[in-house]
Amino acid sequence: MSDYHPQDLDQKWQQRWNDAQAFEVVEDPSKPKFYCLEMFAYPSGHAHVGHVRNYIIGDVVARLKRLQGFNVLHPFGWDAFGLPAENAAIKGGIHPETSTLANIAHMKGQLQRLGISYAWGRELATCLPDYYRWNQWLFTRMFERGLAYRRRSTVNWCPSCQTVLANEQVVDGACWRCGSLVVEKDLEQWFFKITAYADDLLAGADGLTSWPEKVLTMQRNWIGRSEGARVRFAIEGEPDGVEVFTTRIDTIYGATFLTLAPEHPLVPRLAERTGRADVLTEAQRYRAQDRTARMSGEAGKEGVFTGAYAVNPFSGERVPIWVANFVLGEYGTGAVMGVPHGDQRDFEFARKYGLEVRAVIRAADGTVPDPAAMTEAHGDEGTVVNSGAYDGMTSAEARRRMTADAEARGFGTGSVQFRLKDWGISRQRYWGTPIPMIHCPVDGVVPVPDDQLPVVLPKVTEFTGRGDSPLAHVPEFVHVTCPKCGGPARRETDTMDTFVDSSWYFYRFADAHNDRLPFDPAAVKYWGPVDFYSGGVEHAILHLIYSRFFARVFRDLGMIDHSEPFTHLLTQGMVLKDGNVMSKSKGNVVDPDTMLQKVGADALRTYVMFVAPPEKEVEWSDAGLDGMFRWLARVWRVADQWREAALAAPPIDAATLGREERALRRKTHETIRRVTADIDVRKQMNTAISAMMELVNEFYLFTEQQKAAPTAQAAAVAREAVEALVRLVSPFAPHTAEELWEAYGHTGGLAAASWPVVDDAAAQAEEVVIPVQVNGKVRARLTVAPDIADADLETLALADAAVVPHLAGKTVRKVVVAKGRLVSVVVG
RNA sequence: GCGAAAGUGGCGGAACUGGCAGACGCGCCGGACUUAGGAUCCGGUAGCCGCAAGGCUAUGGGGGUUCGACUCCCCCCUUUCGCACCA
């Protein structure tokens, strides 16, 4: 064999895999399936090591599972619609399609040069009509079921990106992508009714036992389920009164005022009746605070009295109605009862405006706070006081009784509220899926019939970045005939949020070329759900909750038979450079191709996996990369040294092995056990690699010992070690592994190989070292048989020359023997 | 403010169920081989005391439980992330 030249191996084996279509798969009921997926990529142009880390993680798992005999689906694709390409078109005049397809071609090359084992035959790009037509198809299905609907609403508008943002895309009042401050705007919008699945999504989270707890917590908080009650307060002159939502109906006797959101429909009506002009101007001012001053921190609580009063249906008491800037219009009923005793916001508000504070809960310690002396709200539960007939009940009991009474008397009802809102998917953008709807002056909103899909995105050539949808300026696109009446009609010109594209692409991979359906249910029945999914934590709520929603929609359409699309989720840590996330705009990207030229794909892959556990964030440094190249060269050399002897070696005869040979075998099998557990169970790639490094170190020692006159059995043991090591390292360093596997006489490549199996007898230790502690300090180490009896171990320990001096003049009070681990002697 | 996670050598990190702290690698130091090596091989490398044997101190700080704590409990500090008026 020649010296280690990884770049040659990269080329040779990538070519072979490609020629053999080595990673393409078909459904095979005779084999267990494994669906391994990494979050697909936005084709920004260049993959940096931060992206690449995720693909390597997935590839390690995919390659392991193949060797373990699974039928592995490991596909890749492109999240190819989106703002950056369109923004670039506005700036530089290159059509989004042109730049996107070029970026895809380049990034695909990068991934292939890394030797990621994708089934490229299933590659998809969401910007192509044969993908996005199924977005349209699904949209129509959802429209038919009332899951897609249209309403006018206040939306978040990014003045820089010129588009509507979902609430999730607004971070601290600013655009998640460009950081500009977000303003409000009123538009007709399409929504997906994700709230219909709020309870289902919440309940499903409990079953996701192989998801990081952190992600589940974020999702639960995002859904934000609250149990409480709606209660109607009467208002003079308003037949419907006003409804509030509360989780603490037990404190309703402490309600000394009522607050409305500035956008509440009653605000103008009450202002008109009471003739207070300042109410409207103030409400207007609060609305202007929204998203900016209000969200950015200390806007402070502000309110204005409307002059009107509402009647507490329980006590019959008249309470003043205020408008307050801290009440949210879009949550609950947009109106809140003010209970300063139990709610910190209400307390602050009451103190600021001199409203009454009334104590209605006796705390667990028996005290009732003095309202005049209170400095903060007391939100704890206790016993209800000053509450008429309910006095003396516990908070929980009072809630039950009051809710029941409110229902019986017709002014209230038990109610569950969610923080989760319906998903606004309309975008006034070009580079996305056209919404397949037609507005007819006669028939209203009519879906484009399925047989006319896809609604193809017209080739717009001029990108101005203006505020309305670019499609509205394409007359041949806009003007259509109504599918129902045949009269002139107008096409919807908004496109879909790109999160729609990414919410189901994992099902398309199961049947990527289907031209009758998004996928054949039978294909997803075989491949689904995804067994291992890895990607960045930044998708913990958006992408991962939308995908869970879509899975439920497909389920209810009868197309899939599971509810949860991803069984095991790994959230990969980001790769930082100089303390920052890598990004083109920051100019701190590390280009994998540069590393490939230096050390080859295998050293890069293995190093990226070695540097830290996958979930952990890491700071990139080139320093260790050369070390990994050296280690792979070490693997190469030891395999090379034994090759000739190994090929001629007889089978291992365990009974005739010498001490050194048994030691190497033991290490070999111990390493198989460790590496398998680390990758497969613990997903700790770094320690798997450490374990292999230990084996190689021991192997070098063995080689040195055997240098003089290696026996046939030594060669046999060496052969076993090399062949195990080659397969263990192959998920990380597949090119090197293939070459060595072939050099050891195997045909058909690793595709024909199987994962090594632990021989428990060979792995069994012959002797173990047991530390002996005296009063907590290690004083001796005993080398004994692993199955030694506790009593014998104790005797040996107490008689040991290094232990005896520490016992002199003292009494042995206690001896603890931890089986096979340690002896602890207590003296005093 | 609320919630979660994490703090271990010069650096990245390991220690799985409470049982030898620092595996493995980077870096550094020394040696061998060499015309030479930034190649390769071997050895050393937490700190302090000691020629050595050995001893003492160490997992952010302080307490506790235990024969025994990086690991469990309480308080505090720092960092990172998430949520941030959701009634």
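Lettering of chains follows the sequences in order, A, B, ..., and the numbering in each one begins at 1.
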When all nucleic acid strands are considered with a 4.0 Å heavy-atom cut-off, which category describes [X]: base, sugar-phosphate, or nothing?
{"X": "Ser226(A)", "answer": "sugar-phosphate"}
{"X": "Arg781(A)", "answer": "base"}
{"X": "Lys777(A)", "answer": "sugar-phosphate"}
{"X": "Val611(A)", "answer": "sugar-phosphate"}
{"X": "Val769(A)", "answer": "base"}
{"X": "Gln773(A)", "answer": "base"}
{"X": "Asn221(A)", "answer": "nothing"}
{"X": "Val336(A)", "answer": "base"}
{"X": "Thr247(A)", "answer": "sugar-phosphate"}
{"X": "Arg779(A)", "answer": "sugar-phosphate"}

Review point. How does protein reach along nucleotides 42-53 of chain B, written 5' to 3' as B (base within reach of a heavy atom under 4.0 Å), S (only sugar-phosphate), or - (no contact)?
Key: S-----------
Revision key, fill the gap. Going 5' to 3' through nucleotides 26-32 of chain B and flagging B where a protein heavy-atom sits under 4.0 Å of the base, S where only the sugar-phosphate is that close, and - otherwise, we get SS-----
Out of [options], which has the shortest distance to the side chain of [X]?
{"X": "Arg821(A)", "options": "G19(B), A14(B), C20(B)", "answer": "G19(B)"}
{"X": "Pro613(A)", "options": "G25(B), G13(B), A15(B)", "answer": "G13(B)"}
{"X": "Phe245(A)", "options": "A87(B), C67(B), C83(B)", "answer": "A87(B)"}
{"X": "Arg682(A)", "options": "C16(B), C24(B), C41(B)", "answer": "C16(B)"}

Exercise for review: Identify, between Glu617(A) and Asp346(A), the residue whose nearest nucleotide on RNA chain B lies closer to the 5' end.
Suggested key: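 The residue closer to the strand's 5' end, by nearest nucleotide, is Glu617(A).
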Check your understanding: Taking for each residue the nucleotide of RNA chain B bearing the nearest heavy atom, is the 5' side occupied by Arg248(A) or by Leu822(A)?
Key ->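 That would be Leu822(A).
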Between [X] and [Y], does at least one N-O distance fall below 4.0 Å, as a salt bridge requires?
{"X": "Arg285(A)", "Y": "Glu302(A)", "answer": "yes"}
{"X": "Arg674(A)", "Y": "Glu694(A)", "answer": "yes"}
{"X": "Glu704(A)", "Y": "Lys707(A)", "answer": "yes"}
{"X": "Glu381(A)", "Y": "Arg399(A)", "answer": "yes"}

Check your understanding: G1(B) pairs with which nucleotide, Watson-Crick or G-U wobble, both distances below 3.5 Å?
Key ->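 Looking at the geometry, G1(B) pairs with C83(B).
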Review point. Sequence neighbours excluded, which residues qualify as side-chain hydrogen bond (donor to acceptor under 3.5 Å, both in side chains) partners of Arg351(A)?
Key: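 side-chain hydrogen bond (donor to acceptor under 3.5 Å, both in side chains) list for Arg351(A), sorted by chain: empty.
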Can you tell me if [X] and [Y] form a side-chain donor-acceptor pair at under 3.5 Å?
{"X": "Gln344(A)", "Y": "Glu376(A)", "result": "no"}
{"X": "Trp642(A)", "Y": "Thr703(A)", "result": "yes"}
{"X": "Tyr286(A)", "Y": "Glu282(A)", "result": "yes"}
{"X": "Asp622(A)", "Y": "Trp620(A)", "result": "yes"}

Side chains of residues 625-633 of chain A: which donor-acceptor partners sit under 3.5 Å, not counting sequence neighbours?
none

If you measure from the [atom1] atom in [N] to the same atom in [M], how many Å do you get, rounded?
{"N": "C11(B)", "M": "G62(B)", "atom1": "C1'", "value": "29 Å"}
{"N": "U34(B)", "M": "G25(B)", "atom1": "P", "value": "27 Å"}
{"N": "C48(B)", "M": "C42(B)", "atom1": "P", "value": "29 Å"}

Would you tabulate the pairs of protein nitrogen or oxygen atoms and nucleotide nitrogen or oxygen atoms of nucleotides 4-11 of chain B closer than 3.5 angstrom?
none

Review point. So, is Arg345(A) close to the G1(B) phosphate, meaning a side-chain N or O under 4.0 Å from OP1 or OP2?
Key: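 No, Arg345(A) has no side-chain N/O under 4.0 Å of OP1/OP2 on G1(B).
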**Study point:** Any Arg220(A) side-chain N or O less than 4.0 Å from OP1/OP2 of C83(B)
**Key:**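 Answer is no, no contact under 4.0 Å.
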Practice item. Under the side-chain contact (heavy atoms from CB on, under 4.5 Å) rule, collect the residues that match up with Val339(A), sequence neighbours excluded. Key: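 If we apply the side-chain contact (heavy atoms from CB on, under 4.5 Å) test to Val339(A), skipping adjacent residues, the hits are Thr251(A), Ala255(A), Met337(A), His341(A), Asp346(A).
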Review point. When you check the glycosidic angle of G9(B), does it come out syn, meaning within 90° of 0, or anti?
Key: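 Chi for G9(B) falls in the syn range.
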Point to revise | Donor-acceptor under 3.5 Å (Ser387(A) side chain, Tyr253(A) main chain) | key: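 No.
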**Study point:** Expected output: side-chain Arg605(A) to main-chain Phe732(A) donor-acceptor under 3.5 Å
**Key:**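 Looks like yes, one N/O pair under 3.5 Å.
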